[in-house]
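For the single chain, residues carry numbers from 1 onward in sequence order. None of these values were measured; they are calculated from a predicted model.
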Amino acid sequence: MKRALFPGSFDPITLGHYDIIKRGIKLFDEVIVAIGKNADKNYMFSLEQRKLFIENAFKNEPKVKVVTYEGLTIDFCKEIDAQFILRGLRNPADFEFEKAIAHTNRKLSKIETVFLLTAAQTSYISSSIVRDVIRNNGDYTVLVPESVTLK
């Protein structure tokens, strides 16, 4: 089984994340969306909310699993037998940042990182932009899957 881990904070999941996951399930037998726990970050949405947003967005897709984890991503990959890390790239800055992480992960393990370019129509969307829109009472719904609600 080709299993890929798609790690992130997903605070909240965006249409960009959604697109990468949808395209990832065409490449892999299973995509595990892994929400990392980071005590140093202040999240807008709780871990439970973020997990529910993603589960609801993919409730009819059996190839997508949603989990939470702590620690090094490569250690978690080994724990769940994921041979690949899936990452999305929006721009050259993302590439430089992700390239360094991928090289480090490859040095520390045999896990390959697979990069997908985000779709042109979602390449400008980031979770931080979505949070800013929400904080300023803007229409965030055009940037996220329908499962993301403020209720």
Report task. Starting at CD of E98, measure out to CZ of F115 and round the result to the nearest 0.5 Å. Result -> 6.0 Å
Query raised in the report: Do you reckon M1 sits in the same ILVMFWY cluster as I80, going by side-chain contacts under 4.5 Å, direct or chained?
Result: no
Requested in this report: Please lay out, stage by stage, how I20 and L86 fare under the test side chain to side chain contact (heavy atoms under 4.5 Å, CB included).
Outcome: CA-CA 8 Å; I20 295 295; L86 178 62; 3.9 Å; yes
Report summary line: In this structure, OG1 of T118 is separated from CG of N91 (nearest 0.5 Å) by 8.0 Å
Query raised in the report: Got a second to check how far L150's CG is from Q49's CD, nearest 0.5 Å?
Result: 9.0 Å
Report summary line: I85 and P7 have their tightest heavy-atom pair at CG2-CD, 3.9 Å
Query raised in the report: Shared ILVMFWY cluster between Y124 and V133, side chains joined below 4.5 angstrom?
Result: yes
Query raised in the report: Under a 4.0 Å N-O cut-off, is there an ion pair linking E96 with K99?
Result: yes
Query raised in the report: Do side-chain atoms of D132 reach the backbone of S128 as a donor and acceptor pair under 3.5 angstrom?
Result: no
Query raised in the report: Is there a side-chain contact between M44 and R135 (heavy atoms, below 4.5 Å)?
Result: yes
Query raised in the report: Under 4.5 Å between any side-chain heavy atoms of R106 and E112, yes or no?
Result: yes
Query raised in the report: For residues S9 and D11, is any side-chain donor paired with an opposing acceptor at under 3.5 Å?
Result: no
Query raised in the report: Where is the tightest heavy-atom contact between G24 and L116, given as atom of each residue plus distance?
Result: N-CD1, 4.2 Å
Query raised in the report: Do K51 and S46 touch side chain to side chain, with heavy atoms closer than 4.5 Å?
Result: no
Query raised in the report: Does the side chain of I111 reach to within under 4.5 Å of the side chain of N105, using non-hydrogen atoms?
Result: no
Report task. Show the numbers, then the answer: is there a side chain to side chain contact (heavy atoms under 4.5 Å, CB included) between R3 and D81? Result -> CA-CA 7 Å; R3 181 177 289 134; D81 194 30; 3.8 Å; yes
Query raised in the report: Which value, rounded to the nearest 0.5 Å, describes the distance between L89 atom CG and R87 atom CZ?
Result: 8.5 Å
Query raised in the report: Ring centres of F28 and F84 under 6.0 Å apart?
Result: yes
Query - CG on L5 to NZ on K65, rounded to 0.5 Å - result: 13.5 Å
Requested in this report: Measure the shortest side-chain to side-chain distance between P12 and R50 over non-hydrogen atoms and say whether it is less than 4.5 angstrom.
Outcome: no
Query raised in the report: Below 4.5 Å, heavy atoms only, C-beta onward: do I125 and V130 meet side chain to side chain?
Result: yes
Query - Test log, rule ring pair (Phe, Tyr, Trp, His ring centres under 6.0 Å), inputs F10 and F45 - result: CA-CA 9 Å; F10 305 103; F45 296 97; over 10 Å; no
**Report entry** side chain to side chain contact (heavy atoms under 4.5 Å, CB included) assessment of L15 paired with L143
**Finding:** CA-CA 6 Å; L15 290 177; L143 306 171; 5.5 Å; no
Query raised in the report: Between E55 and K59, is the closest basic N to carboxylate O distance under 4.0 Å?
Result: no
Report summary line: The reported gap from CD1 in I54 to CD1 in I21 (rounded to nearest 0.5 angstrom) is 6.0 Å
Query raised in the report: Does Y69 reach the side chain of I35, with side-chain heavy atoms less than 4.5 Å apart?
Result: no
**Report entry** Heavy-atom pair of closest approach, residues A119 and R23
**Finding:** N-NH1, 3.9 Å
Query raised in the report: Of the non-hydrogen atoms in F53 and I13, which two are nearest, and what is the gap between them?
Result: CB-CG2, 4.1 Å
Requested in this report: Take F58 and V33 through the side chain to side chain contact (heavy atoms under 4.5 Å, CB included) test and state the conclusion after the steps.
Outcome: CA-CA 10 Å; F58 292 97; V33 182; 5.6 Å; no
Query raised in the report: Transitively linked via ILVMFWY side-chain contacts under 4.5 Å: L108 with I101?
Result: no
Query raised in the report: Are E30 and K63 within salt-bridge range, i.e. N to O under 4.0 Å?
Result: no
Requested in this report: Grab the two heavy atoms, one from K78 and one from S109, that are nearest each other, plus how far apart they are.
Outcome: CE-CB, 3.8 Å
Query - Residue pair F76 / T68: nearest heavy atoms and the distance that separates them - result: CZ-O, 4.3 Å
Query raised in the report: Quick one: do V114 and Y18 end up in the same hydrophobic cluster if we chain Ile, Leu, Val, Met, Phe, Trp and Tyr together by side-chain heavy atoms under 4.5 Å apart?
Result: yes
Query raised in the report: With the 4.5 Å side-chain cut-off for hydrophobic clustering, are L47 and V67 part of the same group?
Result: no
Query raised in the report: Any side-chain heavy atom of H17 sitting closer than 4.5 Å to one from S127?
Result: yes
